[in-house]
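Indexing begins at 1, ligand by ligand and atom by atom, following the structure's order. Quick note: residue numbers are just sequence positions, from 1. Values below: every heavy atom of this structure, side chains too, minus hydrogens, waters and symmetry copies.
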Amino acid sequence: MQESALMETKNRVVEKDPPLKKDDLIVIAGAGGFIAGNLALFFRKKGFTRIRAVDKKPLPEWYLRVPGVESLCLDVSSEDNCRRVCEGAVEVYNLAADMGGMGFIEHFRIECLRSVLINTHMIEAACRAGARRYFFSSSACAYNTLLQQDPKVRALKESDAYPAMAERGYGWEKLISEMFCEEYWHERGMKTFIARFHNVYGPNGTWDGGREKAPAALCRKTIEAIDKKDLRIPIWGDGHQTRSFMYIDDCVKGIDLIAHSDDLIATPINLGSSELVSINELASKIERIAGVKLKRDYDPHAPRGVAGRNSDNTFIKKVLNWEPDTTLDTGLAATYKWIQEQYFARKKGKRVVE
Ligand SMILES: NC(=O)c1ccc[n+]([C@@H]2O[C@H](COP(=O)([O-])OP(=O)(O)OC[C@H]3O[C@@H](n4cnc5c(N)ncnc54)[C@H](O)[C@@H]3O)[C@@H](O)[C@H]2O)c1
């Protein structure tokens, strides 16, 4: 590239958008899943009247079907489908990905890598459609794993992704898709936004079946132990691994704030809680909610991920004057209650989404 052209893209002028109208089309991909389903509900409650939600899952399997939202069953790893989905969009939120907890991402790296097709086609389709804003859900798994080998972690700040040594499969897909987002701004001028989510949990998400993450898995195992009167709980690893967990309401609020902040165009930012807990502490919190004490069976051979991971929220506090602040105790109580309802509804033969 000529030096003058390079300067031009580096210094791209940020033009102010007209205000978003309530009937502007918002497209949300991955909306049959946990976070995007909750995001569709969030925008609907804010009064947006034209929301197009899409997921490859059949409609009866979506966690949330939001009344008044156009819901489509389509695979957005195909270019044609992405063009159809993005037609007329003013804002596009891409949260579709083949993903799950450690058990899934350690065993299905190819599926995780193939999600690169989703973002590749969605971002191009959004740009062709003239969308004003494009949001991509990245992950803390994009961070250099060498910085996460001690449970007493130093919280990860945005610059810790490079030099890159991301989580195999899933993390590398996120890094390359982030890069697409950055270049669509620099070369083509579409405003793109990238949030690196740290573990998200809450009602209306995966709680069984192999893709669930630690909070949901431990809630379900606790409920099962009580129900079966076998007061033991299997724990993956030695329980000393540390993580932070963000409640879903904070996540969707954060997405909205990030995607509408021009200070964050093409700039990856952490979206996560900074309340660090070990898996043992997480299990204890759930025991307190359930009013039970369980014997822990540690499995040293189970997938356990990095030793420790936390979100450094210095940057988000500086730019947005906000950070996720729902305490784990509050969020877990709501999550436990919801999973308990699902568990007993399923036991009574009712069809529930796992
Ligand atoms: N949940 C977390 O803790 C967490 C953490 C970091 C990043 N993320 C990212 O946030 C996003 C949403 O995660 P989630 O927890 O809601 O996961 P989820 O599995 O509940 O939702 C993802 C949805 O994408 C859909 N999907 C997958 N491939 C598709 C395709 N080709 N076409 C259409 N739909 C497709 C799935 O069917 C699923 O419903 C993902 O990009 C994920 O990588 C989540």
Side-chain angles (χ1 to χ4, degrees), residues 27-41 52-65 71-82 84-86 93-102 104-105 108 111-122 125 135-143 156 166-167 169-175 177-178 181 194-217 243-248 250-252 254-255 268 270-273 305 309 311 324 331 335 353-354:
V27 167
I28 304 176
F34 170 42
I35 303 173
N38 278 285
L39 186 66
L41 182 62
R52 181 178 296 152
V54 57
D55 201 290
K56 69 175 179 186
K57 282 200 291 207
L59 297 176
E61 292 175 21
W62 291 29
Y63 291 115
L64 283 167
R65 289 274 302 284
S71 300
L72 303 175
C73 174
L74 281 174
D75 184 334
V76 291
S77 63
S78 113
E79 189 180 353
D80 286 350
N81 286 345
C82 289
R84 181 173 162 210
V85 163
C86 290
Y93 294 79
N94 173 23
L95 290 98
D98 227 336
M99 69 87 70
M102 276 326 293
F104 181 82
I105 66 175
F108 299 101
E111 273 78 357
C112 292
L113 282 169
R114 285 179 66 85
S115 291
V116 79
L117 293 172
I118 299 176
N119 194 62
T120 306
H121 294 312
M122 279 297 289
F135 175 89
F136 173 65
S137 51
S138 186
S139 163
C141 291
Y143 283 116
L156 293 160
E167 187 93 41
Y170 182 72
W172 281 101
E173 186 278 319
K174 294 297 187 191
L175 262 194
S177 292
E178 285 189 0
C181 293
I194 306 151
R196 291 190 184 135
F197 298 166
H198 291 247
N199 292 294
V200 189
Y201 72 100
N204 296 304
T206 314
W207 60 280
D208 202 359
R211 287 181 187 245
E212 65 280 13
K213 296 189 148 207
R243 295 288 186 278
S244 71
F245 298 97
M246 165 171 58
Y247 191 56
I248 184 65
D250 287 334
C251 182
V252 291
I255 293 172
N270 278 333
L271 181 55
S273 161
R309 178 182 290 155
S311 177
T335 309
V353 182
E354 296 169 355

Novice: Looking only at protein heavy atoms, identify the closest one to atom 34 (N) of ligand 1 and say how far it is in Å.
Specialist: Lys56 N, 3.1 Å
Novice: For atom 17 (O) of ligand 1, which candidate among Met99, Lys213, His198, His121 holds the nearest heavy atom?
Specialist: Met99
Novice: Can you tell me if Gly32 has a non-hydrogen atom under 4.0 Å from ligand 1?
Specialist: yes
Novice: For atom 25 (C) of ligand 1, which protein heavy atom lies nearest, and how many Å away is it?
Specialist: Asp55 OD2, 3.3 Å
Novice: Tell me: protein heavy atom nearest atom 21 (O) of ligand 1, and distance?
Specialist: Gly33 CA, 3.4 Å
Novice: Going by the atom numbers of ligand 1, which of them fall below 4.0 Å from some non-hydrogen atom of Asp75?
Specialist: 30 (C), 31 (N), 32 (N)
Novice: Given 3.5 Å as the limit, does a donor-acceptor pair link the side chain of Arg309 with the main chain of Ser244, or not?
Specialist: no
Novice: With respect to Ser139, determine whether any N or O atom, backbone or side chain, lies less than 3.5 Å from an N or O atom of ligand 1.
Specialist: no
Novice: Please answer whether the main-chain N or O of Ala31 pairs with a side-chain N or O of Trp62 as donor and acceptor at a distance below 3.5 Å.
Specialist: no
Novice: Considering only non-hydrogen protein atoms, determine which one is nearest to atom 16 (O) of ligand 1 and report residue, atom name and distance to 0.1 Å.
Specialist: Ile35 N, 2.8 Å
Novice: Can you name the atoms of ligand 1, numbered from 1 with element, that are less than 4.0 Å from a heavy atom of Asn199?
Specialist: 3 (O)
Novice: Heavy-atom contacts under 4.0 Å between Ser138 and ligand 1: side chain, backbone, both, or neither?
Specialist: backbone
Novice: Taking 4.0 angstrom as the limit and counting only heavy atoms of Lys174, give me the atoms of ligand 1 inside it, by number and element.
Specialist: 40 (C), 41 (O), 42 (C), 43 (O)
Novice: Set out, in order, the CA-CA distance, both residues' side-chain angles and the distance that settles side chain to side chain contact (heavy atoms under 4.5 Å, CB included) for Asn38 and Cys251, then state yes or no.
Specialist: CA-CA 9 Å; Asn38 278 285; Cys251 182; over 6 Å; no
Novice: List the closest protein heavy-atom neighbour of atom 32 (N) of ligand 1: residue, atom name, distance to the nearest 0.1 Å.
Specialist: Val76 N, 2.8 Å
Novice: Starting from atom 3 (O) of ligand 1, which protein heavy atom do you reach first, and at what distance in Å?
Specialist: Val200 N, 2.7 Å
Novice: Is the backbone of Gly202 close enough, under 3.5 Å, to the side chain of Tyr247 for a donor and an acceptor to pair up by distance?
Specialist: no
Novice: Test Met122 against Cys86 for side chain to side chain contact (heavy atoms under 4.5 Å, CB included), laying out the working first.
Specialist: CA-CA 8 Å; Met122 279 297 289; Cys86 290; 3.9 Å; yes
Novice: Under 3.5 Å, N or O to N or O, is Ser137 touching ligand 1 that way?
Specialist: yes
Novice: I'd like to know if the side chain of Glu61 and the backbone of Leu59 have a donor-acceptor N/O pair within less than 3.5 Å.
Specialist: no
Novice: In the protein, which heavy atom is nearest to atom 40 (C) of ligand 1, and how far is it?
Specialist: Leu95 O, 3.4 Å
Novice: Considering only protein heavy atoms, which is closest to atom 22 (C) of ligand 1, and at what distance to one decimal place?
Specialist: Ala97 O, 3.7 Å
Novice: Donor-acceptor pair, distance only, cut-off 3.5 Å: does the side chain of Asp250 make one with the backbone of Pro324?
Specialist: no
Novice: Among Phe34, Tyr170, Tyr201, which one has a heavy atom closest to atom 7 (C) of ligand 1?
Specialist: Tyr170
Novice: For ligand 1, which atoms have a heavy atom of Ile118 less than 4.0 angstrom away?
Specialist: 28 (N), 29 (C), 30 (C), 31 (N)
Novice: Write down the atom of Ala166, the atom of Gly171, and the distance for their closest heavy-atom approach.
Specialist: CB-C, 3.6 Å
Novice: May I ask you to check whether Asn270 and Tyr143 show a side-chain donor-acceptor distance below 3.5 Å?
Specialist: yes
Novice: Which heavy-atom pair separates Phe104 from Glu111 by the least distance, and what is that distance?
Specialist: CZ-CB, 4.4 Å
Novice: Without hydrogens or angle criteria, can the side chains of Asp75 and Asn81 be said to hold a donor-acceptor pair below 3.5 Å?
Specialist: no
Novice: Is a side-chain donor or acceptor of Ser138 paired with a backbone partner of Leu175 at a separation under 3.5 angstrom?
Specialist: no
Novice: Would Leu74 count as a contact residue for ligand 1, given that I'm defining contact as a non-hydrogen atom of the residue lying under 4.0 Å from a ligand atom?
Specialist: yes
Novice: Is Arg211 near ligand 1, meaning one of its heavy atoms is under 4.0 Å from it?
Specialist: no
Novice: Considering the heavy atoms of Gly30, write down every atom of ligand 1 situated less than 4.0 Å from one of them.
Specialist: 23 (C), 24 (O)
Novice: Does ligand 1 have any atom sitting under 4.0 Å from a heavy atom of Gly37?
Specialist: no
Novice: With a 3.5 Å distance limit and no angle check, can you tell me whether Ser115 reaches the backbone of Asp98 through a side-chain donor-acceptor pair?
Specialist: yes
Novice: Compute both the distance and the angle, then confirm whether Lys174 meets the cation-pi test with Phe197: under 6.0 Å from the six-membered ring centre, within 45 degrees of the axis.
Specialist: no
Novice: Under 4.0 Å from any heavy atom of Phe197, which atoms of ligand 1 are there?
Specialist: 5 (C), 6 (C), 7 (C), 8 (N), 9 (C), 10 (O), 44 (C)
